[in-house]
Amino acid sequence: MEVVVIGAGQAGLSAAYHLARQGFAPGTGFVVLDGETRAGGAWQHRWPSLTLARTHHVHDLPGLPFPPAQDDVPAAAAVPAYFADYERHFALPVHRPVRVRAVRRTRDGRFRVETADGDWTAAAVVNATGTWTRPFVPRYPGQELFRGRQLTPVDYRGAAEFTGRSVVVVGGGASAVQLLGEISEVADTTWVTRRPPVWREEPFGPDEGRAAVALVEDAVREGRSPGSVVGVTGLVVTPWVREARARGVLDRLPVFDRLTPDGVAWDDGRSVRADAVLWATGFRAALGHLRPLGLRGPGGGIRMAGTHVAGEPRVHLVGYGPSASTVGANRAGREAAVALRRLLHPDTALPRSA
Ligand SMILES: Cc1cc2nc3c(=O)[nH]c(=O)nc-3n(C[C@H](O)[C@H](O)[C@H](O)COP(=O)(O)OP(=O)(O)OC[C@H]3O[C@@H](n4cnc5c(N)ncnc54)[C@H](O)[C@@H]3O)c2cc1C
């Protein structure tokens with residue numbers, strides 16, 4: 001292959017669409033390897049109560065609009081159906097389920113992409129593996145002693161299983177707030193966050209969006225870890241947030257100091273009994289398979305120059321850092337494809353085919 005794209009979520013599909021537009025031949029010039037059994041990227045795994053109305057808007061993929069859908073349809077149904085149509089419509093060469101285990105440099109200056117299903121070699125790699133497969137759980141003393149259930153948003157299937165229970169929700173992001181709202185309707189909840197949450201009463205405009213993305217861009221250009229775009233945007237006050245606030249559900253406490261067999265405890269003597277602790281404490285980029293490439297700098301982050309790794313223009317990370325949103329993933333897919341056409345086919349006119 002000229003290019004192997006890893007991952008078929010928003011970022012990978014956008015990259016594939018633009019690679020084809022830039023003249024790379026689907027199936028012979030580039031392929032997309034995706035670890036899932038069906039189309040939809042991480043959206044197919046989102047909890048069932050995450051309806052389209054409750055998302056922060058899933059942006060259209062390039063070239064084919066998201067068909068009109070009812071607001072109360074679960075995103076886990078609507079988005080995968082749209083992605084499946086998209087792959088068919090543009091005849092994108094997606095191979096699945098193919099999970100990439102490692103990417104290595106070969107002696108002749110190419111990349112070997114290793115999978116359980118055989119290896120591929122390529123002149124360049126576009127990595128679009130998202131974060132869903134790497135929920136982050138911080139370490140706290142006593143975690144192994146806690147007798148209740150510990151889960152992350154990846155495990156969450158609905159509030160019903162917590163009916164009549166006591167649940168501690170950890171984390172100050174959008175997922176924490178949303179799950180807290182639902183669970184608190186059937187269970188006793190306690191919300192703990194490291195810092196007091198920053199609420200945004202006004203809807204998020206394009207200027208604020210650009211400013212937030214610029215902050216994450218600065219981080220990855222300097223080789224720091226990206227954090228999340230949402231981490232710099234604050235929490236939007238939706239009608240659901242107002243309603244949860246009115247019920248007193250969003251009165252947060254600082255994070256406990258330790259877990260105990262029966263719950264959580266603070267050093268000042270306070271404690272809360274809990275049947276479950278939900279760690280809504282974010283995600284990390286799923287980049288373990290790129291470890292053999294040695295991309296990380298001394299600070300642990302990857303220094304980026306646009307969508308490619310600084311000093312390695314043949315490795316693009318799309319949907320990473322500043323492009324970790326559906327709209328950002330779209331743009332990054334295009335930027336990576338254009339850059340690769342310029343790099344691998346510097347003499348061809350723009351684009352090689354429409
Ligand atoms: C709960 C939640 C809600 C969100 N809501 C919104 C929203 O409303 N709007 C918005 O813009 N953004 C939202 N986001 C951010 C969202 O994650 C991104 O916008 C976008 O959907 C991510 O697309 P992606 O292509 O980068 O990743 P994904 O959709 O995660 O796709 C990555 C793909 O790569 C595959 N993969 C991973 N590792 C490998 C491997 N080693 N080998 C092969 N394949 C692999 C995965 O299986 C998956 O199919 C949300 C995130 C979360 C967690």
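Just follow the structure's listing: the first ligand is 1, and inside any ligand the first atom is 1. What you see is a predicted model, and the numbers here were worked out from it, not measured in a lab.
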Give the residue and atom name of whichever protein heavy atom lies nearest to [atom], and the separation in Å to one decimal.
atom: atom 1 (C) of ligand 1; answer: Trp47 CH2, 3.4 Å
atom: atom 40 (C) of ligand 1; answer: Val100 N, 3.6 Å
atom: atom 9 (N) of ligand 1; answer: His57 O, 3.0 Å
atom: atom 3 (C) of ligand 1; answer: Arg46 NE, 3.7 Å
atom: atom 44 (N) of ligand 1; answer: Gly35 N, 3.0 Å
atom: atom 48 (C) of ligand 1; answer: Asp34 OD1, 3.6 Å
atom: atom 30 (O) of ligand 1; answer: Ala42 CB, 3.2 Å
atom: atom 15 (C) of ligand 1; answer: Ala324 O, 4.2 Å

Go through ligand 1 atom by atom and flag the ones less than 4.0 Å from a non-hydrogen atom of [X].
X: Gly7; answer: 33 (C), 34 (O), 35 (C)
X: Ile6; answer: 42 (N), 43 (C)
X: Thr55; answer: 8 (O)

Which part of His289 is near ligand 1, with near meaning a heavy atom under 4.0 Å away: side chain, backbone, both or neither? side chain
Under-4.0 Å heavy-atom contact with ligand 1, by part of Trp43 that carries it: side chain
Would you say atom 22 (C) of ligand 1 makes contact with the protein, given that contact here means a non-hydrogen protein atom less than 4.0 Å away? no
Contact between ligand 1 and Ala128 is defined here as a heavy atom of the residue under 4.0 Å from a ligand atom; is it met? yes
Measure the distances from the heavy atoms of Thr115 to every atom of ligand 1 and state whether one is below 4.0 angstrom. no
N/O separation below 3.5 Å, [X] to ligand 1:
X: Trp132; result: no
X: Ala11; result: yes
X: Thr133; result: no
X: Thr326; result: yes
X: Glu36; result: yes

Is it true that [X] and [Y] have a side-chain N and a carboxylate O under 4.0 angstrom from each other?
X: Glu87; Y: Arg96; value: yes
X: Arg157; Y: Glu161; value: no
X: Glu312; Y: Arg314; value: yes
X: Asp188; Y: Arg165; value: no
X: Glu222; Y: Arg224; value: yes

Of Asn127, Val98, Val154, Thr129, the residue with the heavy atom nearest atom 43 (C) of ligand 1 is Val98
More than 12 foreign heavy atoms under 6.0 Å from CZ of Arg194: is that the case here? no
Hey, is the main chain of Ala285 close enough, under 3.5 Å, to the side chain of Arg134 for a donor-acceptor pair? yes
Would you please indicate if the ring centroids of Tyr82 and Phe66 are separated by under 6.0 Å? yes
Could you label the plane-to-plane angle of the Phe256 and Trp279 rings as parallel, tilted or perpendicular, counting under 30° as parallel and over 60° as perpendicular? perpendicular
Indicate the ring-plane relationship of Phe90 and Tyr17, choosing parallel, tilted or perpendicular according to the 30° and 60° boundaries. perpendicular
Rounded to the nearest 0.5 Å, what separates atom OH in Tyr156 from atom CG in Leu278? 8.0 Å
Is Arg245 positioned over the aromatic face of Trp240, cation under 6.0 angstrom from the ring centre and no more than 45 degrees off axis? no
Find out whether the Lys NZ or Arg CZ of Arg258 is both under 6.0 angstrom from the six-membered ring centre of Trp266 and within 45° of the ring's axis. no
